[in-house]
Structure formats: C-alpha cells, structure tokens
Number of protein chains: 2
Amino acid sequence: MRPEELPEIRRLHLFCDMTQASFETLLASSYAQNFPQGLEMIRQGDPADFLHIVLEGSVELFAQWSGRECTMAVLRPVSTFILAATIRDAPYLMSARTLERTRIILVPASDLRAMFRRDTEFAVSVINELAACYRSVVRGAKSLKLRNSRERVASYLLRQSILAGGAASYTLPVEKRLLASYLGMTPENLSRTLRMLEDHGIKVDGARVIITDREKLTALAQPDRLIDGPD
Amino acid sequence: MRPEELPEIRRLHLFCDMTQASFETLLASSYAQNFPQGLEMIRQGDPADFLHIVLEGSVELFAQWSGRECTMAVLRPVSTFILAATIRDAPYLMSARTLERTRIILVPASDLRAMFRRDTEFAVSVINELAACYRSVVRGAKSLKLRNSRERVASYLLRQSILAGGAASYTLPVEKRLLASYLGMTPENLSRTLRMLEDHGIKVDGARVIITDREKLTALAQPDRLIDGPD
DNA sequence: GCCTTGCCTTGATGTTAATCAAGTCGAAGG
DNA sequence: CCTTCGACTTGATTAACATCAAGGCAAGGC
C-alpha cells in the first residue's frame with residue numbers, strides 16, 4: 001500500500017472517528033491489489049473474508065439468478081463495499097466486477113470484527129455506515145416498487161444533475177446498458193424512454209445529458225427526499 | 001409495561017447480549033402503548049424518535065409516493081422495527097400501520113444512541129442486527145429485479161411452506177391484497193397467478209395453501225439461499 | 001485505409017402485467 | 001333474516017415492457 005493512500009482511507013466516514021492506533025492496526029493487516037478491467041473479483045455465495053475499499057477505478061455490484069443478471073450498484077473511489085457480509089461472516093449476496101483498471105484495499109473480515117469490539121468509536125462508525133447502507137437500499141426498493149420505468153429514468157437524470165451541482169448539462173457516469181440494468185429495465189427500453197423524455201425537458205446525445213426544461217422534468221420525476229435523498 | 005414482557009424483549013438478538021444493567025436502564029425510559037386496528041402509527045418523513053418493538057398483534061410497513069402505496073414488510077411479535085432511522089436520527093423512510101389490535105414498546109432513540117456508546121456488547125448487537133436487516137432488503141431487491149411475478153409468488157409460497165416446517169399445507173399469514181403489494185403486483189394479477197400455479201404443484205383455497213407437487217413447484221421457484229435465505 | 005468489435009438505436013412483434021368493470025362470496029351487524 | 005361491506009375473483013381491454021432482428025456508429029487493431 002502506498003503511504004499517500006492512507007489519509008484518503010482515513011477520511012472515510014467508516015474510519016475517520018476511530019483512534020489512530022486502531023486505524024493503523026487495521027490497515028497493517030490489509031493489503032492492496034490491482035485488478036484489470038472486467039475481472040469478477042467477488043462471486044456471490046462465496047464466504048466474505050474481506051472488506052473492500054475502492055481506491056482507483058470503479059466496481060459494479062451485480063446479482064445473478066437463473067441465468068439472469070442485474071446491476072445493483074456502481075462504486076467509485078473512495079468507498080467501501082460489502083461491509084454487511086463481512087460483519088455477519090456470511091456469504092456475499094452480490095458479485096462484483098471491475099469496470100476499468102481498479103485498485104482495491106482488502107481488509108480481513110476477522111480483524112474488522114475484532115476491531116469494533118475494542119474501539120467503541122469504530123463500532124459507532126460501523127453502526128452509522130450500516131444504517132446508511134440499509135436506508136440506501138430501502139430507497140432503491142421504494143423506487144422500484146412505486147415508480148414505473150419512465151419515472152425512474154426521469155428521477156435518475158434529475159438526481160444526477162443535482163449531484164453535478166445543479167448543472168443543466170452533464171455526462172452520464174456509466175454506460176447505458178449498465179444504467180438500464182441498474183434501473184431495472186432493458187437497454188432497448190431505456191433507449192426509447194430517453195427519446196420519449198425529449199417531450200419532458202431532457203435531451204440526450206450519446207453520454208451527454210442536457211436538461212432543456214427543468215420544471216417539466218421535475219413535474220414528471222416528482223423527486224422525493226425519502227427516495228432520492230439527500231439523507 | 002408488564003413485568004412478564006421484559007424477558008420476551010430480552011430474548012431478542014438485539015438485547016440478549018447487553019448487560020442486565022444496560023437493559024434495565026434502556027427499558028426504564030421506554031413505555032408501552034396499545035393501538036387499535038388500522039392505525040397509522042408512523043408516517044414516512046416524520047422524525048424517528050423511537051425504536052419500536054411489537055409485542056402483540058402485527059404491523060405493516062409501507063411506503064407511499066405520488067398517491068401510490070406499497071407494502072414493504074409485515075412484522076409480528078416479537079420484533080423490532082425502524083432501527084436504522086432511529087440510529088441516524090433521520091426521518092422514517094416508511095410508514096407503519098397496525099393490521100390488528102397491537103401492543104408496542106417505544107424506546108427513545110436518544111437513549112438507544114447513548115447506550116451503544118456505553119455498552120460494547122450492545123453496539124455489537126446493533127451492528128449485527130443492522131447487517132441482517134440490510135441483507136434482508138438486498139434479498140428483496142434481488143427478487144424484484146431478477147424474478148417475474150409468477151416466480152416471486154412461487155418462491156414465496158415455497159418459502160412459507162419451509163417456514164411452516166416443510167408442511168404440505170398451511171395458511172397464508174397475510175391477506176392476499178397485502179401479499180400482492182408485498183410481492184410488487186396487483187391483487188388481480190396475484191389471483192390469476194395463483195390459479196395458474198395449479199399446473200405447477202400449488203392449490204390455493206381461500207387462505208389455505210396446499211402443495212400438491214413440491215418438485216414441480218421447486219422447479220418453477222428455483223429457490224436460492226442468496227435470495228430466499230436462510231441467512 | 002479497412003475491418004473488426006462493442007454499444008447503442010430502431011422497428012416489429014409478443015408477452016406480461018395493470019386497469020376497468022362486473023360479479024361472487026362470506027362475515028358482521030341491524 | 002336480510003343488508004352491507006370488504007375481500008377476492010373473473011373476464012375484457014389496454015398499457016407497459018421484453019424480446020427478436022437488423023442496422024448505425026465510433027473506437028481500436030491490423
């Protein structure tokens with residue numbers, strides 16, 4: 001692990017409140033690994049032996065069943081993933097693959113579990129992190145059950161604009177086929193929906209999104225703090 | 001609160017590992033409340049001031065958006081709910097209503113948050129509980145995204161049979177309209193699907209479910225530990 | 001340069017599920 | 001006993017979405 005990486009990790013909510021000693025102990029038993037693009041680094045069902053931290057690149061979390069597959073999340077630096085599985089010492093519920101060349105820190109699950117028994121502040125951080133993750137998945141489930149695909153796309157586009165500082169124009173952070181799977185629809189349907197949304201204040205050209213009429217888009221998306229955040 | 005109720009609460013995973021002193025302190029600031037049937041006891045968006053424990057009756061967690069509504073979970077004694085919101089001191093993401101006359105214990109969120117800073121074993125229990133809740137929602141999301149409605153119904157019916165000890169016959173624990181909403185479909189569609197499943201090893205008469213051909217049902221449901229549990 | 005390759009789009013078609021509209025049934029109450 | 005109400009069912013229709021098939025387009029390799 002490179003020394004300049006430690007402060008970046010330390011800044012994560014999960015690690016910023018623990019003692020320096022605890023942090024150093026935990027990271028001492030961890031190690032970095034570089035993965036090429038498209039590598040399936042975690043397979044659902046495998047035992048969860050490590051907490052993962054993305055330092056560079058990006059990772060797709062996805063799920064499989066009966067020959068089908070869907071994207072559950074896309075993670076970018078700096079963030080952790082599959083915390084819950086490591087804590088319960090249970091099999092991963094999701095698979096993970098790299099979307100590009102990606103650098104990951106692997107923190108042994110057993111050290112993690114030992115650490116939050118010794119460092120109360122760390123335990124509190126884990127609690128907060130898990131609660132946030134839980135709420136995030138609940139939001140996703142609400143969006144899936146309460147909105148149709150057009151509304152989900154509209155909400156997503158509006159939300160991305162807000163994350164880009166309210167910009168009227170921005171670039172999609174992920175490929176469209178991935179986005180479609182994430183939103184629970186087929187690529188074809190996403191393509192058609194984006195076209196339809198031209199009547200609702202959105203223009204999409206390649207990965208470029210332009211909001212032509214924010215009011216109209218908002219009327220369709222009906223953004224809701226309890227689904228779209230912020231927390 | 002009745003004295004005979006304390007041991008029941010103590011037996012919950014969330015409370016069984018904390019010190020007796022901590023448990024008594026926490027419950028001393030709590031109080032019980034009885035609600036009639038059909039009462040909306042929690043409204044999504046309200047501040048989360050209490051952890052809730054169901055002692056008698058049953059509670060529906062549901063979500064609303066744009067005039068639509070869907071069931072997220074049904075809770076029965078003895079269990080806790082909306083732990084994550086209380087921890088983050090954030091608004092509830094879901095509403096809750098009683099399905100029958102229901103008795104609830106209310107634990108003040110602030111006492112809860114103070115307690116897991118003082119009692120490490122309790123903090124660990126909270127961590128484990130949250131991780132379990134998180135995984136449970138992820139399973140639900142996977143089921144929604146990877147299965148069509150017929151497969152969801154088949155999985156549900158098979159799973160209930162297993163929960164009933166592998167019985168070939170059992171009673172549905174919830175009304176069908178609720179079940180439909182929980183499974184992400186309309187009551188009409190559930191009704192038709194149950195009829196269709198007669199060709200796949202299931203016979204439903206009112207709330208009575210009879211598995212006529214477990215093998216056929218299993219072939220359709222394709223139960224998966226990573227979706228249907230057990231954990 | 002040309003040829004791949006992968007991603008995206010488009011149109012035609014088929015399937016799935018929601019909606020609309022009656023109608024049945026059984027439990028609760030007058 | 002009859003009425004009423006709510007839950008459930010059923011059929012007809014419509015809307016939403018997936019699938020299938022074909023083609024466009026841009027990036028990268030030879």
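So that the names make sense, note that chain A is the first sequence line, chain B the second, and so on, each numbered from 1.
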_Nucleotide-resolved protein contact map, nucleotides 15-22 of chain D, B/S/- at heavy-atom distance under 4.0 Å_ = --SSBB--
*Sugar-phosphate means primed atoms, P, OP1 and OP2; the rest is base. With that split, encode nucleotides 25-30 of chain D 5' to 3' as B, S or - using protein heavy atoms under 4.0 Å.*
------
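Of the residues in residues 63-74 of chain A, none lies under 4.0 Å from DNA chain D by heavy-atom distance. Taking a 4.0 Å limit (strictly below) on heavy-atom distances, residues 194-206 of chain B does not reach DNA chain C anywhere.
Here chain B contacts DNA chain C (any atom closer than 4.0 Å to a heavy atom, that is under 4.0 Å), and the contacts span dA17(C) to dC20(C) from 5' to 3'.
Using modelled atom types, one side-chain atom of Thr102(B) and one backbone atom of Glu100(B) make a donor-acceptor pair closer than 3.5 Å. No side-chain donor-acceptor contact under 3.5 Å links Thr98(B) to the backbone of Val59(B). Although no hydrogens or angles enter the test, the distance criterion places no donor-acceptor pair under 3.5 Å between the side chain of Arg147(B) and the main chain of Val153(B). In this structure a side-chain-to-backbone donor-acceptor pair under 3.5 Å is missing from Lys142(B) to Met72(A). Panel note: side chain Trp65(A), backbone Lys145(B); no donor-acceptor pair is recorded below 3.5 Å.
The cationic atom of Arg103(B) (NZ for Lys, CZ for Arg) does not lie both less than 6.0 Å from the six-membered ring centre of Phe35(B) and within 45° of the ring axis. Figure legend: Arg43(B) and Tyr92(B) shown without cation-pi pairing, the cationic atom not lying both under 6.0 angstrom from the six-membered ring centre and within 45 degrees of its axis.
Considering CD1 of Ile42(A) and OG of Ser95(A), their distance stands at 8.5 Å, rounded to 0.5 Å. Once rounded to the nearest 0.5 Å, the distance linking CD1 of Ile202(A) with CE of Met196(A) reads 13.0 Å.
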*asked:* Is there a side-chain hydrogen bond (donor to acceptor under 3.5 Å, both in side chains) between Arg208(B) and Thr171(B)? Walk through the geometry before answering.
replied: CA-CA 5 Å; Arg208(B) 192 92 211 142; Thr171(B) 308; 2.8 Å; yes
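Taking atom CG on Leu179(B) and atom P on dT9(D), their separation rounds to 11 Å, with Å as the unit.
A tilted orientation is assigned to the rings of His52(A) and Phe81(A), their planes being inclined by 30° to 60°.
Residues passing the salt bridge (Lys or Arg N to Asp or Glu O under 4.0 Å) test with Glu129(B): none are found, sequence neighbours excluded.
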